[in-house]
Undergrad: 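Below you'll find the structure I mean.
Letters A, B, ... mirror the listed sequences (proteins, then strands); counts begin at 1.
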Number of protein chains: 2
Amino acid sequence: MRASDRAYARLLDEIQRGVLAPGTVLGEVEQAARLGVSRTPAREAIGRLTAAGLAHQLSPRVTVVSAFSADDVRSLFEVRRALEENSARLAAAKSNPAVFSELAAAFAAAHPENGEVEADAYYELIARFDAALDEAVANPYFTNALRTIRTHLARARRLARDNRARLRASVAEHRLIAEAIAAGDGELAAHATHVHLHNALAAILTSLAAAPAGSEPLTQDPLSEGTP
Amino acid sequence: MRASDRAYARLLDEIQRGVLAPGTVLGEVEQAARLGVSRTPAREAIGRLTAAGLAHQLSPRVTVVSAFSADDVRSLFEVRRALEENSARLAAAKSNPAVFSELAAAFAAAHPENGEVEADAYYELIARFDAALDEAVANPYFTNALRTIRTHLARARRLARDNRARLRASVAEHRLIAEAIAAGDGELAAHATHVHLHNALAAILTSLAAAPAGSEPLTQDPLSEGTP
DNA sequence: CTACCTCTTAGCGTATACACTAACTCGCCA
DNA sequence: TGGCGAGTTAGTGTATACGCTAAGAGGTAG
């Protein structure tokens, strides 16, 4: 694996998990030293993060990890609605029903509310579901747009993770979507996706309101402390 | 302006205009020499093209300009429908009506069928319309997804350009969309966008069928000649 | 004559040196 | 004492050198 890929993967993971808080300056030399690569692959990794929108240039000389606020979550879900409702509709028209029947069964058997291990398995299942959707839609531009959105979504996902009631409901919602796609019912799949996204967004925003900025460095900008 | 930006802008333009045909190998050293920059910015430019999907790696050592077939046009329009119908709906809910009233008037006055100069002016107007949509939706993730799609769309656009009847109809369709947004009628805006995209796609596919691969190097892959 | 192996070469990935620019600090002048 | 200007420094942008890998060509053996 290339050094630039390792650097990118590691920086991406650290941003998604919040280890690198929004506002953190991503200096080439600093990150290169920290990640054990030279400036060239470090530069490429930071450039890819910037292109993906996870970092942005404050000035020609300073790149920082992008902020991620409740507004960003709302914006993200606006795009998710646009893309995922349609991908569900398209998948219902084009997919192999057996694949989504199997997924529906897997959702029926999932119990992410039973602790960390099963929650991890559930997120694996969702990744499998997303991959099946991409394959059914068979549209590289769609897949690409969704990948970008999912990359950002990972920053929000952990916020709702420890909400057991929400996880339980999420399972049922995914199951319905999978069943609708398997049945070839595009309208139901799209509407069920809409409902799912509405509920997921509401849960995340509730979590955010209950644990406002400060308990988690989610919207905090360390730089702004120095520029009053 | 940075050398890597100039290199990227030039390569992007050449790909969009078809000067660099699909399948053309993008070698670092070759492009660096041709564009008058060193390997580092050339490499960054090619990397950005790859990330955007306009080029892709055939093997770890050879990157080529991506193909762009009729299927790609169809896929692109699937995503356009998903994104633009919703952006029109959102813009109708959030926009400043005056902006879109002015745009509707500009569309009413546009006559792209009257030659090259007015056609260029029309594409400028469409760019202005797109920018107004982005500003109204006020969602950076939406804007980003649409930018990617528009970048690819540029490769298809020129195919329908010289179709005067289509240009005339396109003006009327845009005018209706702008008026619907100005009136705050999200449903009409979305449906009018759907109709517009349907007609635009049909026109492009007709052009493609009339001028199949060979008259334009659009789907041709020079490399495949050497690998029977 | 064909197939496989080896050697050569071209091109990429990474590291690093050089240059330029912007920002910060220190000193001077008002 | 405050503001402006010059010098220094840190960090990016670009160029280039080095090493490695993969692909192709040529030779030899079956």
Side-chain angles (χ1 to χ4, degrees), chain A residues 1-15 20-66 221-228, chain B residues 1-15 20-66 221-228:
Chain A
M1 185 188 250
R2 297 183 304 182
S4 60
D5 290 336
R6 278 187 287 116
Y8 176 74
R10 179 132 167 231
L11 287 172
L12 175 61
D13 180 67
E14 289 178 348
I15 291 173
L20 285 174
T24 304
V25 175
L26 295 176
E28 278 181 27
V29 283
E30 179 196 353
Q31 297 304 320
R34 192 172 70 86
L35 301 177
V37 297
S38 86
R39 273 185 59 208
T40 305
R43 177 186 179 75
E44 182 176 325
I46 293 170
R48 284 167 67 181
L49 290 172
T50 304
L54 285 122
H56 66 121
Q57 298 207 169
L58 275 190
S59 74
R61 299 293 279 276
V62 50
T63 299
V64 300
V65 177
S66 296
D221 186 348
L223 278 191
S224 62
E225 298 175 3
T227 58
Chain B
M1 188 188 247
R2 297 183 304 182
S4 60
D5 291 336
R6 276 186 288 115
Y8 175 73
R10 179 131 168 233
L11 287 172
L12 174 62
D13 180 66
E14 290 178 347
I15 291 173
L20 286 174
T24 304
V25 175
L26 295 175
E28 278 181 28
V29 284
E30 179 195 352
Q31 297 304 320
R34 193 173 68 88
L35 301 176
V37 298
S38 86
R39 273 185 60 209
T40 305
R43 176 184 178 76
E44 181 176 326
I46 293 170
R48 284 166 69 181
L49 290 172
T50 303
L54 285 121
H56 67 122
Q57 299 208 170
L58 274 192
S59 76
R61 302 292 280 276
V62 49
T63 300
V64 300
V65 176
S66 297
D221 185 350
L223 278 190
S224 63
E225 296 175 1
T227 59

Undergrad: Polar pairs (N or O, both sides) under 3.5 Å between protein and nucleotides 5-9 of chain C?
TA:
none

Undergrad: Distances under 3.5 Å between protein N/O atoms and the N/O atoms of nucleotides 18-20 of chain D, please, pair by pair.
TA:
none

Undergrad: Distance check needed: D:dA15 C1' versus B:R6 CZ, whole Å only.
TA: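 Atom CZ in B:R6 sits about 14 Å away from atom C1' in D:dA15.
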Undergrad: Where does DNA chain C pair, written as one dot-bracket string 5' to 3', with Watson-Crick or G-U pairs under 3.5 Å, ( ) inside the strand, [ ] for crossing pairs and | for another strand?
TA: ||||||||||||||||||||||||||||||
Undergrad: Could you tell me whether the side chain of A:R48 reaches within less than 4.5 Å of the side chain of A:D5, counting heavy atoms only?
TA: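 Heavy-atom side-chain distance check passes, below 4.5 Å.
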Undergrad: Write down the distance between CE (B:M1) and P (C:dT21), rounded to a whole number of angstrom.
TA: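 Checked: the CE to P distance equals 16 Å.
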Undergrad: Rounded to whole angstrom units, what separation is found between the CD atom of B:Q57 and the P atom of D:dA23?
TA: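 So the CD-P distance, B:Q57 to D:dA23, works out to 13 Å.
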Undergrad: Would you indicate, yes or no, if C:dG13 has its OP1 or OP2 atom less than 4.0 angstrom from a side-chain nitrogen or oxygen of B:R43?
TA: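 Yes, within the criterion.
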Undergrad: Look at the side chain of A:V29 and decide which nucleotide, out of D:dG11, C:dA15, D:dT14, has an atom nearest to it.
TA: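 Side chain of A:V29 sits closest to D:dG11.
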Undergrad: For A:V37 versus A:A3, what's the shortest heavy-atom pair and its separation?
TA: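 Answer, listing the atom of A:V37 first, then A:A3: CG1-CB, 3.9 Å.
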Undergrad: To the nearest 0.5 Å, tell me how far B:R6 CZ sits from B:L35 CG.
TA: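 These two atoms lie 9.0 Å from each other.
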Undergrad: Minimum heavy-atom separation for A:A7 and A:P41, please, with both atom names.
TA: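 Taking every non-hydrogen atom into account, CB-O, 4.4 Å.
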Undergrad: Once rounded to the nearest 0.5 Å, what's the spacing between atom CG of A:L26 and atom CG of A:L49?
TA: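 The distance works out to 7.0 Å.
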Undergrad: Carefully, step by step, assess A:H56 and A:T63 under the rule side chain to side chain contact (heavy atoms under 4.5 Å, CB included).
TA: CA-CA 6 Å; A:H56 66 121; A:T63 299; over 6 Å; no
Undergrad: Take the protein atom CG of B:D5 and the nucleotide atom C1' of D:dT12, then report the distance between them rounded to whole Å.
TA: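 About 13 Å, once rounded to whole Å.
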Undergrad: Separation of B:R48 atom CZ from D:dG13 atom C1', in whole Å?
TA: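 Atom-to-atom, B:R48 to D:dG13, this comes out as 14 Å.
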Undergrad: Return the value, rounded to whole Å, for the distance between atom CZ of A:R2 and atom P of D:dA22.
TA: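 Distance, rounded to whole Å: 13 Å.
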Undergrad: Should A:S4 be listed as having a side-chain N or O under 4.0 Å from OP1 or OP2 of C:dT14?
TA: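 Affirmative; the distance criterion is met.
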Undergrad: Could you measure the distance from the CG atom of B:L20 to the CG atom of B:L54? Nearest 0.5 Å is fine.
TA: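 Here the rounded value is 11.0 Å.
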Undergrad: Assign each of A:S59 and A:A3 to its nearest nucleotide of DNA chain C by heavy atoms, then name whichever residue's nucleotide is nearer the 5' end.
TA: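 Upstream on the strand: A:A3.
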Undergrad: Using modelled atom types and a 3.5 Å cut-off, is there a donor and acceptor pairing between side-chain atoms of A:S66 and backbone atoms of A:G53?
TA: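 Side chain of A:S66 to backbone of A:G53, a donor-acceptor pair under 3.5 Å: yes, one is there.
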Undergrad: Could you state the CG-P distance from A:L58 to D:dT12, rounded to the nearest angstrom?
TA: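 About 13 Å, once rounded to whole Å.
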Undergrad: Just verifying a value: how many Å separate B:R61 CZ and B:E28 CD, rounded to the nearest 0.5 Å?
TA: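 One gets 10.5 Å once the value is rounded to the nearest 0.5 Å.
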Undergrad: Among C:dC12, C:dA15, D:dT12, which nucleotide has an atom closest to any side-chain atom of A:V37?
TA: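 So the nucleotide nearest the side chain must be C:dA15.
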Undergrad: So, taking the atom named CZ in B:R10 and the one named CZ in B:R34, what distance separates them when rounded to the nearest 0.5 Å?
TA: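 Taking CZ in B:R10 and CZ in B:R34, the distance rounds to 5.5 Å.
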Undergrad: Find the distance B:E44:CD to C:dG13:C1' and express it as a whole number of Å.
TA: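 Those two atoms, CD and C1', are 15 Å apart.
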Undergrad: Which value, rounded to the nearest 0.5 Å, describes the distance between A:R43 atom CZ and A:T40 atom OG1?
TA: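 It is 8.5 Å, given to the nearest 0.5 Å.
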Undergrad: Go nucleotide by nucleotide along DNA chain C from the 5' end; which of A:P60 and B:G27 gets its closest nucleotide reached first?
TA: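 This one resolves to B:G27.
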Undergrad: Please name the pair of heavy atoms, one in A:A45 and one in A:S4, separated by the smallest distance, quoted to 0.1 Å.
TA: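 Taking A:A45 first and A:S4 second, the nearest heavy atoms are CB-O, 4.0 Å.
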Undergrad: B:E28 side chain: which of C:dC12, C:dT16, D:dT14 is closest?
TA: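 It is C:dC12.
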Undergrad: Tell me whether the OP1 or OP2 atom of C:dT14 has a side-chain N or O from A:S38 closer than 4.0 Å.
TA: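 Negative; the distance criterion is not met.
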